[in-house]
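Following this message is one structure expressed as structure tokens.
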Amino acid sequence: MNEFKLEQLAMVEGESLVDVPKHFEKPNIHIETDYAFGAMQQKTSDKTTFWEPDPRYTSQTNYPMQLPVMLEVRPPLGPNVAIAKGDTITTFRVWETPFDSFDKERKGLFIRKMYRTISPWTTENPIFLHLTSTDPATIKSAVDQCAEVGYEMIILSFGSGLNMEKESPEYYAEFKEYVDYAKSKGIELGGYSLLSSRWISDEVDVINPETGKRGGMIFGSSPCLCSDWGYDYFRKIKTFLNETGMSVFEHDGSYPGNVCASTTHTYHNGLEDSQWKQYAQIQGLYKWMRSEGIYMNVPDFYINSGTNKTGIGYREVNWSLPRERQLILGRQNIYDGLWKTIPSMSWTFVPLTEYHGGGAAATLEPLNDHLVDYESHMMQNYGSGVQACYRGPRLYDTPKTKAVVANVINWYKKYRDILNSDVIHLKRPSGKDWDGIMHANPKLKEKGLAMLFNPLSKEIVREIKLPLYYTGLTKTAKVREKEGKVKSYQLNRDYVITVKVTIPANSYTWLVIE
């Protein structure tokens, strides 16, 4: 099979234009496949959706007949694979979600419901620490701390010293001991591995079809997953996880969609089948992990192939800015990142130790000296339902810090169901006034929970409109601030209530709606 089209749909045009604009508005439908690579978000990882003109549609208003009305879903290259007599080939999958309006929030809710339905593993949302060391005492201390405050998982981070490619019975035994110790405390332990964003050798790396040599590709160069090295890498990763019992995997620099013009690599024939077969390799690993119950953080959009999380979208060097700017930018990342994804699908970041520079002004350690900022980071992340990579050697350094962390985790677990529910956007953070989001879920006792933040150095009083349509409430809402007294509000004709709220300086509050 040289090529195929998985789907063809003739659609009503997204807009009717006589002339040809720079960009046409497409028909109001979302298309998604599990053949996606090379990006952290779905839109930029989509390599299979093509909107083509249809010359048979001769009655269209566009004079050159260039309206993009023919949807085609197909691989960008190949597959160019042989199918023996009696054998079959399995294509990738496509999901099509038509919208019933152009409202941004409502369209986002359609897509979010789609993920909960087709990739339910994305609703898993464990609380984890990104541990920066493989020192035995540090690992065991981190496990103890996690167990004490209610954390559930540890990922041995990049730079920790973990090497999953190392083949040694002694090495396996060492990390199995850590895994067993963590399990005894109710903590899952896992680690990090780097795949594609590195150079291996002239014989292993993908060959640029334009030059006949490695280099000039995505990441500059990458190993070909269908080389002997590539197959060996996957064997080593599976062996390490099987031997140690690790149940968490963070995969960095995953396969980005490189083609390979090599004709000497063992497991692909040439350029035309290189992308198809490399993707089968990486997807096969993730599907195996999914079947084994291994939790996966992957900063590429392999969500529909079995991974649990991808990055919400942030610039890493921003975590070297002063702490108060990190907080505002963090809330902006959350606000902007949750239009088309559910909270549990994404991670954000909190550097407990210095990250990309910035010095003392950017750093949370020593934690006890920056408790207000540390708590604010936790509250805006847990309050959005978005887990963060808390990256450092420990979760707390004093009893006071421990109490703050435990208090936030206890609060999060109390409201976990509603905090993991869909986000309704209230006001984007600007640093000039209040900002906030609201979770909504008509199936819960808590129909909504609003998180409201004040970035100013003075207390503010605001009348805030809460849109309650998606909470399922129709007439009356019972609202309490934090654990305070309940007050009843009558919903107006567009399902909105107005609540007067006082938000402390450089702080937050929350409202529970029942």
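In what follows, residues are counted from 1 in the order of the sequence shown.
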Using modelled atom types only, decide if a donor and an acceptor are shared between the side chain of Gln278 and the backbone of Leu225 within a distance under 3.5 Å.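 Judged by distance alone, yes, a pair lies under 3.5 Å.
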When rounded to the nearest 0.5 angstrom, what is the spacing between CG in Leu338 and CZ in Arg112? 7.5 Å
For residues Met114 and Trp95, report the shortest heavy-atom separation together with the two atoms involved.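 So the minimum-distance heavy-atom pair works out to SD-CB, 4.4 Å.
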Spell out, as yes or no, whether a donor-acceptor pair under 3.5 Å connects the side chain of Asn208 to the backbone of Gly215. yes
Which pair of heavy atoms, one from Ala440 and one from Ile424, lies closest together, and at what distance?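 Shortest heavy-atom separation between Ala440 and Ile424 comes out as CB-CG1, 4.0 Å.
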Can any side-chain N or O of Ser384 pair as donor or acceptor with the backbone N or O of Asn381 at less than 3.5 Å?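 A pair under 3.5 Å: yes.
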Hey, is NZ on Lys340 packed in by over 12 heavy atoms from elsewhere, all under 6.0 Å? no
Separation between CD (Glu365) and CG (Leu352), nearest 0.5 Å, reads 6.5 Å
Plane angle bin for Phe99 and His30 - parallel if under 30°, tilted between 30 and 60°, otherwise perpendicular: tilted
Should Thr239 and Arg235 count as side-chain neighbours, where that means a heavy-atom distance under 4.5 Å? yes
Looking at Arg394 and Glu148, does any basic side-chain N land under 4.0 Å from a carboxylate oxygen?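 Looking at Arg394 and Glu148, the cut-off is not met.
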So, Phe175 versus Tyr178, ring centres under 6.0 angstrom or not? yes
Pair Asp435-Gln332, side chain to side chain contact (heavy atoms under 4.5 Å, CB included): steps then yes or no: CA-CA 9 Å; Asp435 60 85; Gln332 287 178 343; over 6 Å; no
Distance-only polar pair, side chains of Thr266 and Asp228, donor-acceptor under 3.5 Å: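 A donor-acceptor contact under 3.5 Å links the two side chains.
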Can you check whether Trp121's main-chain N or O pairs, donor with acceptor, with Asn308's side chain at less than 3.5 Å? yes
Parallel, tilted or perpendicular: which fits the ring planes of Trp276 and Tyr35, with parallel below 30° and perpendicular above 60°? tilted
Which heavy atom of Ala388 sits nearest a heavy atom of Val350, and at what distance? CB-CG2, 3.8 Å
Could you verify whether a donor N or O on one side chain and an acceptor N or O on the other, from Tyr115 and Glu32, lie under 3.5 Å apart?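 Tyr115 vs Glu32: donor-acceptor pair found between side chains.
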Is the NZ atom of Lys43 crowded by more than 12 outside heavy atoms at less than 6.0 Å? no
Take a 6.0 Å sphere around CZ of Arg325 and say whether it holds more than 12 heavy atoms from other residues, nucleotides or ligands.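 No, not enclosed.
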Looking at every heavy atom in both Val298 and Thr307, which two are closest together, and how far apart are they?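 So the minimum-distance heavy-atom pair works out to CG2-CG2, 3.6 Å.
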Please check if any side-chain donor atom of Tyr314 sits under 3.5 Å from a side-chain acceptor atom of Gln326, or the reverse.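 No, no side-chain donor-acceptor pair sits under 3.5 Å.
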Between Thr44 (side chain) and Met40 (backbone), is there a donor-acceptor pair under 3.5 Å?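 No, the answer is negative, given that no donor and acceptor are paired below the 3.5 Å cut-off.
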Taking the side chain from Asp397 and the backbone from Leu367, do they hold a donor-acceptor pair closer than 3.5 Å? yes
Interatomic spacing from NE2 in His265 to CD1 in Ile207 - rounded to 0.5 Å: 5.5 Å
Verdict with supporting geometry, Gln275 and Lys47, side chain to side chain contact (heavy atoms under 4.5 Å, CB included): CA-CA 12 Å; Gln275 192 176 67; Lys47 306 298 191 294; over 6 Å; no
Answer whether the closest heavy-atom distance between the side chains of Leu156 and Ile139 falls below 4.5 Å. yes
Which pair of non-hydrogen atoms, one from Glu165 and one from Ser193, has the smallest distance, and what is that distance? OE2-OG, 4.3 Å
Identify whether the distance between the nearest side-chain nitrogen and carboxylate oxygen of Asp336 and Arg428 falls below 4.0 Å.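 Salt bridge flag = yes for Arg428 with Asp336.
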Applying the side chain to side chain contact (heavy atoms under 4.5 Å, CB included) test to Thr33, which of Asn304, Leu6, Thr48 qualifies? Thr48
Taking only Lys NZ, Arg NE, NH1 and NH2, and the carboxylate oxygens of Asp or Glu, determine whether Glu177 and Lys140 approach each other closer than 4.0 Å. yes
Can any side-chain N or O of Asn125 pair as donor or acceptor with the backbone N or O of Gly385 at less than 3.5 Å? yes
Do the rings of Tyr231 and Tyr267 sit parallel, tilted or perpendicular, given the 30° and 60° boundaries?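 Rings of Tyr231 and Tyr267: parallel, under 30°.
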Pair Tyr181-Asp144, side chain to side chain donor-acceptor pair (under 3.5 Å): steps then yes or no: CA-CA 10 Å; Tyr181 182 77; Asp144 293 342; 2.6 Å; yes
Between Tyr335 and Trp339, what is the ring plane arrangement, given parallel below 30°, perpendicular above 60°, and tilted in between? perpendicular
Spatial distance of atom CE (Met153) from atom CD (Glu188) [nearest 0.5 Å]: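 With rounding to 0.5 Å, CE (Met153) is 4.0 Å from CD (Glu188).
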Give a yes or no on whether the ring-centroid distance for Trp288 and Phe249 is below 6.0 angstrom.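 When the ring centroids of Trp288 and Phe249 are compared, they turn out to be at least 6.0 Å apart.
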Pair Glu292 + Lys238, salt bridge at N-O below 4.0 Å: no
Within the distance-only criterion (no hydrogens, no angle test), does the side chain of Asp300 pair as donor or acceptor with the backbone N or O of Tyr255 below 3.5 angstrom? no
Ignoring hydrogens and geometry, is there a side-chain-to-backbone donor-acceptor pair from Asp205 to Ile200 under 3.5 Å?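 Yes: the side chain of Asp205 pairs with the backbone of Ile200.
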Tell me, do Leu426 and Met451 make a side-chain contact under 4.5 Å, heavy atoms counted? no
Value rounded to 0.5 Å, distance of CG in Asn297 from OG1 in Thr310: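 Taking CG in Asn297 and OG1 in Thr310, the distance rounds to 8.5 Å.
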Are Tyr302 and His251 an aromatic pair by the rule of ring centers under 6.0 Å?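 When the ring centroids of Tyr302 and His251 are compared, they turn out to be at least 6.0 Å apart.
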On the 0 to 90° scale, with breaks at 30° and 60°, tag the Trp229-Tyr233 ring pair as parallel, tilted or perpendicular.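 Parallel: the ring planes of Trp229 and Tyr233 meet at under 30°.
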Starting from the C-alpha separation in whole Å, work towards a yes-or-no answer on side chain to side chain donor-acceptor pair (under 3.5 Å) for Ser305 and Tyr279. CA-CA 10 Å; Ser305 294; Tyr279 192 82; 3.3 Å; yes
If every non-hydrogen atom of Glu316 is compared with every non-hydrogen atom of His356, which pair is closest and at what distance?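 Taking every non-hydrogen atom into account, OE1-NE2, 3.5 Å.
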May I ask you to decide if Ser196's main-chain N or O and Ser222's side chain share a donor-acceptor pair within less than 3.5 Å?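 Present.
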Got Ser197 and Asp252 here, is their nearest side-chain heavy-atom distance under 4.5 Å? no
Verify the neighbour count for atom CD of Glu3: are there more than 12 heavy atoms of other residues, nucleotides or ligands below 6.0 Å?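 No, CD of Glu3 has 12 or fewer neighbouring heavy atoms, counting only those of other groups under 6.0 Å.
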Side chain to side chain contact (heavy atoms under 4.5 Å, CB included) between Gln145 and Val405, intermediate numbers included: CA-CA 10 Å; Gln145 285 200 352; Val405 175; over 6 Å; no
Once you round to the nearest 0.5 Å, how far does CG of Leu129 lie from OG of Ser157?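 One finds 9.0 Å between CG of Leu129 and OG of Ser157.
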Let's go through Leu194 and Phe158 carefully: what are the C-alpha distance in whole Å and the side-chain angles of both, what is the deciding distance for side chain to side chain contact (heavy atoms under 4.5 Å, CB included) to 0.1 Å, and is it a yes or a no? CA-CA 8 Å; Leu194 181 68; Phe158 50 94; over 6 Å; no
Could you walk me through whether Tyr412 and Gln387 pass side chain to side chain donor-acceptor pair (under 3.5 Å), step by step? CA-CA 11 Å; Tyr412 171 69; Gln387 296 297 335; 3.2 Å; yes
Glu174 and Tyr171, any side-chain heavy atoms less than 4.5 Å apart: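 With C-beta onward as the side chain, the pair touches.
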Is NZ or CZ of Arg391 both nearer than 6.0 Å to the six-membered ring centre of Phe349 and within 45° of the ring axis?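 Judged by the rule, Arg391 and Phe349 form no cation-pi pair.
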